[in-house]
2 protein chains.
Amino acid sequence: MDLDERKLKILHAIICDYLETAEPVGSRTISKKYNLGVSSATIRNDMSDLEELGFLMQPYTSAGRIPSDKGYRLYVEQLMEYPMIDMQQLELVQEIIVEKIDKMESMLQDISKLLSMITNYPTLISSPQIHKTKLKHMQLIPLDEYSMILITVMDGNIVRNHILNSTMPIKSETLIKLSTMLNQRLQGLTLEEINLPLIQNLKQQMGIHGILLNDVLDAIANSIESVDEQDVYMSGAIHILDFPEFHDVFKAKNLFHALEEKDILITILSQNSSKQKDNNIQITIGQENIAKEMKDCSVVTTSYKMGGQKVGTIGILGPTRMDYARVVSTLSHLVKYMDHILRNFMDG
Amino acid sequence: MDLDERKLKILHAIICDYLETAEPVGSRTISKKYNLGVSSATIRNDMSDLEELGFLMQPYTSAGRIPSDKGYRLYVEQLMEYPMIDMQQLELVQEIIVEKIDKMESMLQDISKLLSMITNYPTLISSPQIHKTKLKHMQLIPLDEYSMILITVMDGNIVRNHILNSTMPIKSETLIKLSTMLNQRLQGLTLEEINLPLIQNLKQQMGIHGILLNDVLDAIANSIESVDEQDVYMSGAIHILDFPEFHDVFKAKNLFHALEEKDILITILSQNSSKQKDNNIQITIGQENIAKEMKDCSVVTTSYKMGGQKVGTIGILGPTRMDYARVVSTLSHLVKYMDHILRNFMDG
DNA sequence: GTTAGCACTCTCAGTGATAGAGTGCTAACA
DNA sequence: TGTTAGCACTCTATCACTGAGAGTGCTAAC
């Protein structure tokens with residue numbers, strides 16, 4: 001018993017129908033709606049085979065069939081055809097990026113909102129991991145005698161600020177000198193390269209000044225670490241309630257809860273499914289998900305770039321019955337487009 | 001027909017029971033569970049009167065009664081008794097504030113999360129309106145020849161940064177001078193006071209420099225306006241699904257949708273209900289809400305202070321059947337506590 | 001290998017029938 | 001005059017039952 005051409009066609013038809021209707025698909029439906037040139041009885045036999053091979057499931061005796069995770073896997077790898085998508089909506093990304101170029105968080109939030117609006121699925125975006133980004137500028141601004149703000153500007157104009165406290169009073173001229181010195185020593189280094197030993201080294205070289213500024217330098221070391229903390233932005237959780245598979249309030253609540261937990265979101269975005277599609281897009285289906293709350297869901301993920309380097313991940317989440325083809329199309333177009341605009345802005 | 005002592009007691013009992021069970025309350029339930037010393041028949045007569053007066057409603061003939069908006073209004077104003085609340089959970093606020101003192105947004109998000117966790121209701125917090133806050137420090141940091149970052153520090157150490165662009169190349173020494181000048185002129189003024197005419201005036205006084213820095217000064221004027229943009233943080237929308245009154249997926253979706261719209265959230269927080277309780281807490285019940293999506297909900301709001309001035313609003317949202325007493329207690333304790341901690345931190 | 005036909009299975013929607021909760025009214029009582 | 005017991009009435013929710021419909025698997029014929 002093998003997967004001949006016709007069985008594949010039948011599987012494809014069943015999946016297409018199920019994606020639309022969310023109802024188990026029967027042999028007669030296939031023979032009527034999809035012109036396969038064979039009778040429903042033949043389709044029935046093939047469906048029985050496909051079930052035995054694990055590509056289909058039957059919710060109860062004498063119901064139609066629904067695709068299994070394995071069925072979807074075959075579908076996304078061999079069968080699905082990418083539809084044309086409406087680029088007009090996607091082009092709004094340009095506006096978002098231009099408008100929010102100096103507010104990375106807000107930009108990512110808006111992109112994830114747009115994406116969930118276009119796809120009607122919940123969308124996740126992780127903030128740029130910038131430990132491989134170079135330091136562009138550092139500046140200390142005095143607040144009062146004992147506290148100051150450390151401004152950190154990274155390549156790609158990612159700006160962070162931290163409030164630092166010192167146990168000793170510090171003159172503003174000292175801060176200016178320290179700023180200059182920090183820039184001389186650290187500019188052009190990546191966050192990975194700016195570590196504790198380097199800061200300790202700096203302290204020693206400064207001699208008496210280093211001791212006076214002990215607190216400040218420690219605080220700076222701390223701040224640099226926290227610059228790289230990862231955030232995840234999620235939008236469109238509400239769409240969960242649109243899927244018939246989550247009309248059970250208990251199920252919906254479970255998933256909602258998961259989507260409010262940052263750790264789970266990070267797990268979802270960072271897991272690697274066995275195979276990766278050529279266009280840099282990964283699909284994780286149902287039980288393949290690590291997070292237990294996601295076992296009935298699928299995720300389509302891809303990475304986005306800044307300065308030529310992959311810095312973050314975008315994921316679109318849905319029931320296993322999600323419209324993979326359209327989501328993959330939308331996502332890959334979006335990322336190409338984003339890459340294009342961001343490159344113009346950041347490096348130019 | 002007036003509201004004598006017994007009628008009030010019966011209303012109180014009905015509301016208490018309904019808050020617990022979410023089921024229409026019958027006369028026998030009241031006479032059995034609450035010891036009013038009269039028979040169910042008497043209660044029945046009084047309930048009929050209370051319905052005629054508009055404090056109760058009957059979902060259908062020969063069902064029990066449920067409170068009307070007017071009934072709840074009477075309850076929150078005269079009848080409810082504040083319970084003791086668990087201060088231990090509230091004390092986590094201190095940790096949040098200490099940890100996030102230099103990241104206002106993150107702090108407010110965490111507080112709203114905590115509050116929704118404690119109360120099991122969705123929670124809103126508006127970001128500080130800082131147009132009445134004084135400017136503490138301004139600094140321009142060069143990024144490259146044509147662009148720079150404007151750092152704005154307000155009283156209470158609220159920090160904002162904006163990326164500005166100029167059409168002409170600008171030397172970094174010029175920026176330092178400009179920073180000094182801006183500080184001399186603007187420090188200590190509130191955002192309200194720093195308006196376009198003032199900036200124009202500045203340009204003129206600077207003569208040839210003013211023309212060169214035309215772009216920059218315009219950009220600064222723009223930025224100052226946008227510093228005051230209001231944000232609202234919302235947490236715990238998921239709790240909606242816990243309320244039996246939103247077990248209807250369509251209703252739940254409607255409310256969810258509303259909670260994702262910033263404009264609606266601002267409306268919810270800024271509306272004024274007719275009466276304000278003495279402890280600075282406002283309650284808006286059902287139809288009293290302006291936003292149409294909220295007509296089946298109630299909101300308990302209060303304001304929080306920074307530097308002795310009211311700068312933002314916190315709101316807790318629930319079905320009209322919400323546990324007003326506990327929510328009011330929790331909220332008023334939280335705000336007192338926050339005020340205490342924030343005062344120590346910001347002004348000290 | 002394919003197909004028509006048929007018996008069988010299971011769900012779903014509709015239909016009474018029934019129990020139960022609650023009311024309103026009346027008449028009796030303190 | 002206010003309170004109460006009793007009773008008829010109303011409305012809902014639940015359960016069992018039924019028939020229609022969708023779909024399957026098997027068999028026998030092509």
Side-chain angles (χ1 to χ4, degrees), chain A residues 1-11 13-15 17-18 20-68 71 244-245 247-248, chain B residues 1-11 13-15 17-18 20-68 71 244-245 247-248:
Chain A
M1 189 166 53
D2 60 338
L3 275 181
D4 54 28
E5 184 80 6
R6 195 180 62 206
K7 284 203 177 70
L8 284 177
K9 270 189 185 160
I10 291 174
L11 181 60
I14 290 174
I15 292 183
D17 208 78
Y18 187 64
E20 244 182 70
T21 63
E23 298 288 332
V25 188
S27 54
R28 253 177 71 80
T29 313
I30 299 296
S31 81
K32 269 196 293 182
K33 271 174 77 175
Y34 304 83
N35 238 349
L36 299 182
V38 288
S39 80
S40 68
T42 310
I43 294 172
R44 210 139 57 224
N45 290 332
D46 280 355
M47 280 167 77
S48 184
D49 291 351
L50 284 166
E51 182 172 1
E52 213 171 313
L53 289 165
F55 296 108
L56 294 177
M57 299 187 307
Q58 215 172 3
Y60 51 85
T61 347
S62 80
R65 304 296 206 298
I66 61 176
S68 66
E245 31 275 271
H247 266 20
D248 173 16
Chain B
M1 187 166 53
D2 60 338
L3 275 180
D4 55 29
E5 184 80 7
R6 196 181 61 206
K7 284 203 177 71
L8 283 178
K9 270 188 185 159
I10 290 175
L11 182 59
I14 290 174
I15 292 183
D17 207 77
Y18 187 64
E20 244 182 71
T21 63
E23 298 288 333
V25 187
S27 54
R28 254 178 68 83
T29 312
I30 299 297
S31 82
K32 271 196 293 184
K33 273 174 76 174
Y34 304 83
N35 238 349
L36 299 182
V38 289
S39 79
S40 67
T42 310
I43 293 173
R44 212 141 52 226
N45 291 331
D46 280 353
M47 279 166 78
S48 183
D49 292 349
L50 283 166
E51 182 173 1
E52 214 170 314
L53 290 165
F55 296 108
L56 294 178
M57 297 187 308
Q58 216 171 0
Y60 50 86
T61 349
S62 81
R65 302 300 208 295
I66 60 176
S68 66
E245 32 274 272
H247 267 19
D248 172 17

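Letters A, B, ... are given to chains in the order of the sequence lines, protein chains preceding strands, and every chain is numbered from 1.
The phosphate of C/dT3 has neither OP1 nor OP2 within less than 4.0 Å of any side-chain N or O from A/Ser40. Between A/Thr61 and C/dC10, a side-chain N or O to OP1/OP2 separation shorter than 4.0 Å is present. Under 4.0 angstrom from either OP1 or OP2 of D/dT3 there lies at least one side-chain N or O belonging to B/Arg6. Between B/Arg65 and C/dG24 there is a side-chain polar atom (N or O) within less than 4.0 angstrom of OP1 or OP2. Checking the phosphate oxygens (OP1, OP2) of D/dT4, a side-chain nitrogen or oxygen of B/Ser39 falls inside 4.0 Å. At least one side-chain nitrogen or oxygen of A/Thr29 sits closer than 4.0 Å to the OP1 or OP2 atom of D/dG23. For the pair A/Thr42 and C/dT3, the criterion of a side-chain N or O lying under 4.0 Å from OP1 or OP2 is met.
With a 4.5 Å cut-off on side-chain heavy atoms, B/Asp17 and B/Tyr34 count as touching. You'll find the side chain of A/Arg65 stays beyond 4.5 Å of the side chain of A/Val25, heavy atoms only. Side-chain atoms of B/Ser48 and B/Asn45, non-hydrogen and from C-beta on, never get closer than 4.5 Å to each other. Using a 4.5 Å heavy-atom threshold, the side chains of A/Leu50 and A/Leu3 count as touching. The closest side-chain heavy-atom distance from A/Asp49 to A/Asp46 is below 4.5 Å.
Below the 3.5 angstrom threshold, one finds no donor paired with an acceptor across the side chain of B/Arg44 and the base of D/dG2. Residue-to-nucleotide contacts include a donor-acceptor pair under 3.5 Å from the side chain of B/Ser62 to the base of D/dT10.
Put simply, CD on A/Glu51 is 15 Å from P on D/dG23, counting in whole angstrom units. The interatomic distance linking B/Met57 (CE) with C/dG22 (P) rounds to 17 Å, in whole Å. Between the P atom of C/dG22 and the NZ atom of B/Lys32 lies a distance of 8 Å, rounded to the nearest Å. One can place CD1 of B/Ile30 at 10 Å from P of C/dG22, the figure rounded to the nearest angstrom. Atoms CE (B/Met47) and P (C/dC25) sit 15 Å apart, rounded to a whole Å. Here the P atom of nucleotide C/dG24 and the CD1 atom of B/Ile43 are 13 Å apart, to the nearest Å. Atoms OH (B/Tyr18) and P (C/dA21) sit 19 Å apart, rounded to a whole Å. The distance from atom CG of A/Leu56 to atom P of D/dG25 is 11 Å, rounded to the nearest whole Å.
Between C/dG24, D/dC11, D/dG25, one nucleotide has an atom nearer to the side chain of A/Ser48 than all others, and that is D/dG25. Out of C/dC6, C/dA21, D/dT4, the shortest distance to the side chain of B/Asn45 is found at D/dT4. Minimum atom distance to the side chain of B/Val38 is reached by D/dT4, of the listed D/dT4, D/dC7, D/dC11.
For the atom pair OG of B/Ser68 and CD1 of B/Ile15, the computed distance is 8.0 Å after rounding to the nearest 0.5 Å.
Under the Watson-Crick or G-U wobble criterion, with both distances below 3.5 Å, D/dC26 is paired with C/dG5.
In this structure, A/Ala63 reaches the sugar-phosphate backbone alone: every heavy-atom distance under 4.0 Å involves primed, P, OP1 or OP2 atoms, never a base.
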